[in-house]
Amino acid sequence: MSYDVVNNRAIIDGANGPYGKNVQGANYGRNAAVNHFGYINDFAHKSMAQPDVFTKEHSPEEMMAELDKLANEPMPPINFLLRYAQKAKTLGESFKEALLGFSFEEMGKKTAITVEEADAPFHAEAYKDIDAKLTTKAFDVNNDGKIDISEQAVSTVIADVLSKDDNLSAVDKNLKKADGSYTNDGENKMMAFCNEKNLEAASKIVKNIHKELKLDEAMEKFEENLPA
């Protein structure tokens, strides 16, 4: 399993995974992203019945067996803590390497995708009932119609800070609270930056964080040693 469960909370980190054991830097972030995908896939799989069972070709006993299986299947906890970088006192080079490694893996091993590609998940059923137009435009720092890994990284940092602080309008002033981890609560709060009605204010905060952490420079170094 790609995560541990402690006190009904999923603990996901990058210490171990497909990119090695007890790793640091970019591989820590990459492991964390893969393990997060494992958690999400596990959650989706264990909460979904096999639709082929519920047809005329199957007996009521088979249908009940499938329902019993779902009822007894240990579901992953909704609450999680995701550590995408090793905890450090400062947001230095190792932190940024892990942060960008996490973004790189999240984005399908690409260094950039279009805003349209980044927005695609918002059209899924899971977001259908949200009474807001969602977009990643606020994270397009240089307004080139793309989200690169340095810009994607800002969303992770925002989720991190908002896991410790509720002040949406002062995330860029509270970066010292980032510790390389975020929770489902912080991730949910970060979605406010994807609400189109908040675009102007969100864009300003995103640009401030991107500049403060010098993520352009960090991305250049990351790309020089681009992982396979």
Side-chain angles (χ1 to χ4, degrees), residues 2-3 10 12 14 17-19 26 29-49 51 76 78 80 82 84 98-163 168 171 182-207 209-210 215-216 219 222-223 226-228:
S2 58
Y3 56 93
I12 310 161
Y19 299 107
R30 296 185 75 187
N31 274 346
V34 172
N35 291 337
H36 189 212
F37 287 143
Y39 165 78
I40 293 171
N41 290 336
D42 205 13
F43 201 98
H45 174 74
K46 290 184 177 181
S47 63
M48 188 179 300
I78 293 175
F80 68 78
L82 194 165
Y84 60 87
L99 177 62
L100 291 171
F102 184 74
S103 295
F104 180 71
E105 203 69 31
E106 270 194 313
M107 294 171 66
K109 299 182 178 66
K110 296 179 182 179
T111 56
I113 58 176
T114 65
V115 169
E116 288 75 18
E117 288 177 291
D119 285 355
F122 295 146
H123 303 307
E125 189 70 22
Y127 295 97
K128 188 176 180 180
D129 295 331
I130 295 179
D131 187 24
K133 186 173 182 181
L134 301 177
T135 179
T136 57
K137 289 179 183 177
F139 296 95
D140 182 9
V141 172
N142 58 1
N143 298 311
D144 65 350
K146 297 179 180 179
I147 305 295
D148 65 36
I149 55 174
S150 74
E151 295 165 331
Q152 171 72 8
V154 178
S155 69
T156 303
V157 174
I158 289 173
D160 187 333
V161 174
L162 290 177
S163 296
L168 289 167
V171 178
Y182 67 83
T183 65
N184 51 295
D185 186 49
E187 184 178 62
N188 290 338
K189 291 173 185 172
M190 184 275 295
M191 292 301 296
F193 286 75
C194 298
N195 189 330
E196 196 166 77
K197 74 176 184 180
N198 300 330
L199 182 57
E200 184 177 351
S203 296
K204 182 178 179 181
I205 293 171
V206 168
K207 287 177 180 177
I209 294 172
H210 193 269
L215 290 174
D216 268 346
M219 184 173 69
F222 184 88
E223 291 181 321
L226 194 65

Looking at NZ of K110 and CD1 of I149, how far apart are the two atoms once the value is rounded to the nearest 0.5 Å?
-> 13.5 Å

Closest non-hydrogen atoms of K207 and V141, given as atom of the first, atom of the second and distance, are CE-O, 3.4 Å

Below 4.5 Å, heavy atoms only, C-beta onward: do N142 and D216 meet side chain to side chain?
-> no

Heavy atoms, side chains only, cut-off 4.5 Å: are T156 and D160 in contact?
-> no

Chi angles and distances behind the side-chain hydrogen bond (donor to acceptor under 3.5 Å, both in side chains) call for T183, D185 = CA-CA 5 Å; T183 65; D185 186 49; 5.0 Å; no

Counting only N and O atoms by type, is there a donor-acceptor contact under 3.5 Å from the side chain of N35 to the main-chain atoms of I12?
-> no

Determine whether I158 and V206 make a side-chain contact, defined as any pair of heavy atoms from C-beta on separated by less than 4.5 Å.
-> yes

Show your reasoning for whether side chain to side chain contact (heavy atoms under 4.5 Å, CB included) applies to L82 and Y39.
-> CA-CA 10 Å; L82 194 165; Y39 165 78; over 6 Å; no

Compare every heavy atom of R30 with every heavy atom of G101, then report the nearest pair and how far apart it is.
-> O-CG, 3.4 Å

Just by modelled atom types, is the T111 backbone N or O under 3.5 Å from a matching donor or acceptor in the D148 side chain?
-> no

Backbone of E151 reached by a side-chain donor or acceptor of S155 within 3.5 Å = no

What class does the angle between the rings of F102 and Y182 fall in, given that below 30° is parallel, 30 to 60° is tilted and above 60° is perpendicular?
-> perpendicular

F37 side, atom CZ; E106 side, atom CD - distance, nearest 0.5 Å = 6.0 Å

From CG (D140) to NZ (K146), nearest 0.5 Å = 10.5 Å

In Å, rounded to the nearest 0.5 Å, how long is the span from CD1 of I205 to CD of E200?
-> 11.5 Å

Side chains of N31 and P18: does their closest heavy-atom pair fall under 4.5 Å?
-> yes

For residues A138 and A202, report the shortest heavy-atom separation together with the two atoms involved.
-> CB-CB, 3.8 Å

Where the side chain of T114 meets the backbone of E117, is there a donor-acceptor pair that is under 3.5 Å apart?
-> yes

Can you name the nearest heavy-atom pair linking H210 to S150, along with the distance?
-> NE2-OG, 2.8 Å

D119 side chain to T136 backbone, donor-acceptor under 3.5 Å = yes

Calculate, to the nearest 0.5 Å, the distance between atoms CD and CG belonging to E187 and L162 respectively.
-> 11.5 Å

Closest heavy-atom pair and its distance - F139, I147 | C-CD1, 3.8 Å

Side-chain heavy atoms of V154 within contact of F193, under 4.5 Å = no

Check the pair Y84 / E105 against side chain to side chain contact (heavy atoms under 4.5 Å, CB included), numbers first and verdict last.
-> CA-CA 11 Å; Y84 60 87; E105 203 69 31; over 6 Å; no

Looking at F80 and N184, what are the two nearest heavy atoms and their distance?
-> N-OD1, 2.9 Å

